[in-house]
Trainee: 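Have a look at this one before I ask anything.
Chain letters run A, B, ... following the sequence lines, proteins first, then strands; residues in each count from 1. Note that these values count all heavy atoms, side chains included, but never hydrogens, waters or copies made by symmetry.
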Number of protein chains: 2
Amino acid sequence: MSNCKTHKTCINEALKTAEIICNERGVKLTKLRQTVLKLIWKSHNYVKAYDLLDDLKKIDSSAKPPTIYRSLDFLMENGFIHKIRSLNAFIGCTHPNEHKECYFLICDNCQNIEECCSEQINKVVTSTTGKNHFEPNQVTLEISGICQDCIS
Amino acid sequence: MSNCKTHKTCINEALKTAEIICNERGVKLTKLRQTVLKLIWKSHNYVKAYDLLDDLKKIDSSAKPPTIYRSLDFLMENGFIHKIRSLNAFIGCTHPNEHKECYFLICDNCQNIEECCSEQINKVVTSTTGKNHFEPNQVTLEISGICQDCIS
DNA sequence: TCAATTATGTTATAATATAACATCAATTTC
DNA sequence: GAAATTGATGTTATATTATAACATAATTGA
């Protein structure tokens with residue numbers, strides 16, 4: 001479960017940040033992409049592409065799979081959302097400006113996902129890939145289990 | 001690229017180990033499951049489920065998706081193979097007896113996957129989940145990039 | 001303005017995975 | 001050893017996830 005009090009703030013923050021970053025980068029956060037980002041941020045839980053598509057269809061009944069997947073691609077490329085590979089699902093990024101590598105704590109019970117960064121983990125990954133003479137490109141670290149709020 | 005000299009040895013090892021573990025556990029490594037495990041071990045590269053199905057069809061033309069997926073499920077449950085979530089692919093496990101958590105170094109160039117264990121990584125994961133009061137269940141750590149042999 | 005680029009619309013289909021029910025084989029129990 | 005139970009496989013159908021390919025529209029920039 002997330003601790004945000006007024007979730008609207010989370011959504012607005014996410015949209016504003018995305019807007020700013022897009023301007024900096026000279027890429028366009030179009031109406032559609034905004035809408036999709038907003039739909040993803042509907043909650044702190046992960047969302048599936050086709051659920052998103054259903055949501056989008058309520059707004060624009062002509063939406064089709066490529067509509068969603070293209071927006072998802074754009075949002076991922078720019079770091080506004082992440083794909084959770086172990087779930088084939090997507091989630092809004094809580095700090096699109098800052099991180100390099102991050103990892104996810106996925107609650108099997110409440111579906112909430114916590115996005116975390118850890119210098120420690122980065123170091124270990126770097127050192128272990130170094131030992132293997134491996135040039136890392138992308139790190140996927142997803143930890144599923146039971147979150148704080150669901151343990152009791 | 002893998003360093004095995006006679007890959008047949010890898011396959012035989014994998015099958016023998018699986019056999020022994022199944023006996024210990026009182027579960028059955030049926031003909032079909034053996035065949036699928038052998039097909040997965042055809043190389044050290046990862047394999048896709050439907051490629052596997054095509055291979056299996058050459059042996060038993062009546063094979064269908066559930067044939068493969070059931071065997072894959074069994075082999076995963078017993079730790080003889082792993083699913084690589086970032087690729088929707090499967091790979092034989094190199095040490096089904098020993099490890100708890102492991103991680104994968106996936107070469108984008110040659111498709112080889114190195115399965116590694118690191119006490120260090122386990123510790124960091126434990127400590128970081130602990131800090132978040134998170135009860136971990138399953139850890140997915142997949143690092144893609146360029147392997148030693150493909151860097152030059 | 002028109003050429004090039006980028007974004008979106010649209011149709012179709014590819015790729016991945018599972019549900020549901022039938023049958024067969026092995027094991028246990030009486 | 002026959003019947004009952006369990007586990008494995010066969011089979012049909014379909015769900016879920018994702019992309020290719022081509023058409024059109026909007027935007028940018030020379």
Trainee: Only pairs under 3.5 Å count here: list side-chain donor-acceptor contacts from residues 67-77 of chain A, not counting sequence neighbours, and write none if there are none.
Mentor:
residue  : atom : partner  : partner atom : Å
Thr67(A) : OG1  : Lys64(A) : N            : 2.9
Thr67(A) : OG1  : Lys64(A) : O            : 2.9
Ser71(A) : OG   : Thr67(A) : O            : 3.4

Trainee: Send over the distance from Leu53(A) CG to dT8(C) P, rounded to a whole Å.
Mentor: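 So the CG-P distance, Leu53(A) to dT8(C), works out to 15 Å.
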Trainee: Residues from residues 16-24 of chain B sitting under 4.0 Å of DNA chain C, heavy atoms only?
Mentor: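 Residues of residues 16-24 of chain B that come under 4.0 Å of DNA chain C do not exist, since none gets that close.
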Trainee: Can you run down the salt bridge (charged side-chain N to carboxylate O under 4.0 Å, His left out) pairs that involve residues 30-42 of chain B, sequence neighbours left out, and say none if there aren't any?
Mentor: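 Non-adjacent pairs meeting salt bridge (charged side-chain N to carboxylate O under 4.0 Å, His left out): Lys42(B)-Asp55(B).
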Trainee: Are any of the side-chain heavy atoms of Glu142(A) and Thr140(A) separated by less than 4.5 Å?
Mentor: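 A side-chain contact under 4.5 Å exists here.
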Trainee: Among Ile, Leu, Val, Met, Phe, Trp and Tyr joined by side-chain contacts under 4.5 Å, find the other residues sharing a cluster with Val125(A) and list them by chain and number.
Mentor: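 In the cluster with Val125(A) are Tyr103(A), Leu105(A), Ile121(A), Val124(A), Phe134(A), Val139(A), Leu141(A), Ile143(A), Tyr103(B), Leu105(B), Ile121(B), Val124(B), Val125(B), Phe134(B), Val139(B), Leu141(B), Ile143(B).
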Trainee: So do the side chains of Glu119(B) and Cys117(B) get within less than 4.5 Å of each other, counting heavy atoms only?
Mentor: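 Side-chain contact under 4.5 Å: no.
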Trainee: For every nucleotide of nucleotides 7-17 of chain D, 5' to 3': is a protein heavy atom under 4.0 Å from its base (B), only from its sugar-phosphate (S), or from neither (-)?
Mentor: -SBBBB----B
Trainee: Can you tell me how far P of dT8(C) sits from CD of Gln34(A), to the nearest Å?
Mentor: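 Rounding to the nearest Å, CD of Gln34(A) and P of dT8(C) are 11 Å apart.
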Trainee: Which residues pass the side-chain hydrogen bond (donor to acceptor under 3.5 Å, both in side chains) test with Asp60(B), not counting sequence neighbours?
Mentor: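 Asp60(B) satisfies side-chain hydrogen bond (donor to acceptor under 3.5 Å, both in side chains) with Ser62(B) only.
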Trainee: Output the rounded distance in Å from CG (Leu52(A)) to P (dA18(D)).
Mentor: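 Between P of dA18(D) and CG of Leu52(A): 12 Å.
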Trainee: Report the distance from atom CG of Leu29(A) to atom C1' of dT27(D), rounded to the nearest whole Å.
Mentor: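 Checked: the CG to C1' distance equals 16 Å.
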Trainee: CZ of Arg85(A) versus P of dA17(C): gap in Å, rounded?
Mentor: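 After rounding, the reported distance stands at 11 Å.
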Trainee: Considering only Ile, Leu, Val, Met, Phe, Trp and Tyr, and joining two whenever side-chain heavy atoms are under 4.5 Å apart, list the other residues clustered with Ile20(B).
Mentor: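 Noted: Ile20(B) shares its cluster with no other residue.
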Trainee: What is the distance, rounded to the nearest whole Å, between atom CE of Met76(A) and atom P of dA18(D)?
Mentor: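 Distance check: Met76(A) CE to dA18(D) P gives 8 Å.
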Trainee: Tell me the interatomic distance from Asp73(A), atom CG, to dA20(D), atom C1', rounded to whole angstroms.
Mentor: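 Whole-Å distance recorded here is 13 Å.
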Trainee: Would you mind listing the cluster partners of Leu87(A)? Hydrophobic ones only (ILVMFWY), side-chain contacts under 4.5 Å, chaining allowed.
Mentor: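 Its cluster partners, ordered by chain and number, are Tyr46(A), Ile84(A), Ile91(A), Phe104(A), Ile106(A), Ile113(A).
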Trainee: Please list all pairs passing the ring pair (Phe, Tyr, Trp, His ring centres under 6.0 Å) test where one or both residues lie in residues 17-43 of chain B, with sequence neighbours left out.
Mentor: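 Those involving residues 17-43 of chain B are Trp41(B)-His44(B).
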Trainee: Can you tell me how far P of dA15(C) sits from CG of Leu72(B), to the nearest Å?
Mentor: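 After rounding, the reported distance stands at 18 Å.
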